[in-house]
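Working notes for the structure below.
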Amino acid sequence: MNIPFLDNWRKRQSGTPTGALAAAVDVDPAGVAELLAECELLRVRAGQKGIALDDSPASLTALDQLPPRWRDDPEELPWLGNDAGLYLGTVLVRNVPGAVWHIRPSGQPVVLLDSGREIDVVEAGLDWAMSGSPELSQVYAESAEN
């Protein structure tokens with residue numbers, strides 16, 4: 001994977017990673033989108049259950065149907081929730097016209113809709129992983145309406 005901004009970020013001795021990532025969104029939005037779309041743990045767990053994550057809204061519905069066995073592993077839970085949120089964001093950015101990744105000053109990635117509304121996808125993913133609510137497909141549907 002060729003993500004040029006990462007090389008520049010690693011070379012820098014000063015500055016914050018947050019600032020570098022936020023700047024990278026402006027310089028190389030496709031590279032940032034590719035990085036945020038990795039969601040490796042979620043993709044592995046979904047693949048083990050026969051679910052192909054093809055960045056479509058239908059794949060969110062399939063994820064919502066998974067039995068939440070990850071809740072039995074308190075170490076994996078936050079990682080899976082984070083990945084679920086980033087995957088939700090990836091589906092939004094790739095399917096909702098005008099949706100783009102945005103990095104908050106805190107360094108948290110969110111999806112910015114054409115309407116100006118920010119979707120905190122990581123928080124939604126963590127909520128989904130911990131309690132199953134809101135469903136990822138529901139967050140997508142509500143966001144796609146705006």
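Values in this document were obtained by computation on a predicted structure and should not be read as measured data. The first residue in the sequence is number 1, and the count goes up from there.
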Smallest separation among heavy atoms of [X] and [Y], with atom names:
X      : Y      : result
Leu80  : Leu41  : N-CD2, 3.7 Å
Val121 : Pro109 : CG2-O, 4.2 Å
Ala129 : Gly81  : CB-CA, 3.5 Å
Leu66  : Ile51  : CD2-CD1, 3.4 Å
Val139 : Ile119 : CG1-CG2, 4.2 Å
Ser59  : Val91  : OG-CG2, 4.5 Å

Are any of the side-chain heavy atoms of [X] and [Y] separated by less than 4.5 Å?
X      : Y      : answer
Leu36  : Trp101 : yes
Pro134 : Asp127 : yes
Val122 : Gln108 : yes
Arg71  : Glu76  : no
Leu63  : Trp128 : yes
Arg43  : Glu38  : no
Asn95  : Pro57  : yes
Pro29  : Val100 : no

Those residues that, when tested against Glu123, pass salt bridge (Lys or Arg N to Asp or Glu O under 4.0 Å) (two or more places apart): none
Check for me, please, whether [X] and [Y] land in the same ILVMFWY cluster - side-chain distances under 4.5 Å, paths through other members count.
X      : Y      : answer
Met130 : Trp70  : yes
Leu53  : Leu126 : yes
Val110 : Leu112 : no

Donor-acceptor side-chain pairing of Asp64 and Ser137 below 3.5 angstrom: yes
Results of side-chain hydrogen bond (donor to acceptor under 3.5 Å, both in side chains) for Ser56 - residues two or more places apart only: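 So Ser56 forms a side-chain hydrogen bond (donor to acceptor under 3.5 Å, both in side chains) with Asp54.
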Donor-acceptor contact present, side-chain Tyr87 to main-chain Asp55, <3.5 Å: yes
Whether over 12 other heavy atoms sit under 6.0 Å from Gln48 CD: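 Correct, the count exceeds 12.
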From CD (Glu135) to CG (Leu88), nearest 0.5 Å: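 Here the interatomic distance stands at 12.0 Å.
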Short N-O contact, Asp83 and Arg45, less than 4.0 angstrom: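 Judged by the 4.0 Å cut-off on N to carboxylate O distance, Asp83 and Arg45 do not form a salt bridge.
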